[in-house]
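Written out below as structure tokens is the structure these notes cover.
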Amino acid sequence: MLLKVDGMTCGHCVAAVTRAVQAVDAAAEVAVAPEMDRVEVRTTAAPAAITEAVAEAGYPAEVVG
């Protein structure tokens, strides 16, 4: 799934978003592109669970595409 994630500006942001996704699904593959406000996630978890976890980490997220 592809997410639009606002507010990512640095390596700390990348790590925080990755941890948030992997807290929901430890096996998830996460590719973060902060310069494009995009996160690609390969997971079996529900999209709502992923976006909620990322938002709780402080980064508003929505599924795109």
Side-chain angles (χ1 to χ4, degrees):
M1 94 184 66
L2 183 62
L3 305 176
K4 179 181 184 306
V5 180
D6 293 324
M8 299 183 299
T9 59
C10 64
H12 171 76
C13 300
V14 171
V17 169
T18 301
R19 279 193 306 272
V21 171
Q22 290 180 334
V24 175
D25 177 4
E29 295 178 26
V30 185
V32 182
E35 66 282 354
M36 298 175 60
D37 296 331
R38 297 281 192 246
V39 178
E40 184 175 345
V41 181
R42 292 179 189 233
T43 182
T44 58
I50 298 295
T51 57
E52 182 178 328
V54 173
E56 286 178 3
Y59 303 92
E62 64 182 274
V63 177
V64 296

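Sequence positions, counted from 1, serve as the residue numbers for this chain. Only this structure's heavy atoms are used, side chains among them; waters, hydrogens and symmetry mates stay out.
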Between atom CZ of Arg42 and atom CE of Met1, what is the distance when rounded to the nearest 0.5 Å?
11.5 Å
Glu29 CD to Thr18 OG1 distance, which is reported to the nearest 0.5 Å:
12.0 Å
Looking at Val24 and Ala49, what are the two nearest heavy atoms and their distance?
CG2-O, 3.8 Å
Met36 CE to Met8 CE distance, which is reported to the nearest 0.5 Å:
10.0 Å
Do Val21 and Thr43 make a side-chain contact, defined as non-hydrogen atoms from C-beta onward lying under 4.5 Å apart?
no
With rounding to the nearest 0.5 Å, note down the distance linking OH in Tyr59 to OG1 in Thr9.
7.0 Å
For residues Ala57 and Ala20, report the shortest heavy-atom separation together with the two atoms involved.
CB-CB, 3.9 Å
Side chains of Leu3 and Val63 in contact at under 4.5 Å (non-hydrogen atoms):
yes
How long is the straight-line distance from CD of Glu56 back to OG1 of Thr51, given to the nearest 0.5 Å?
10.0 Å
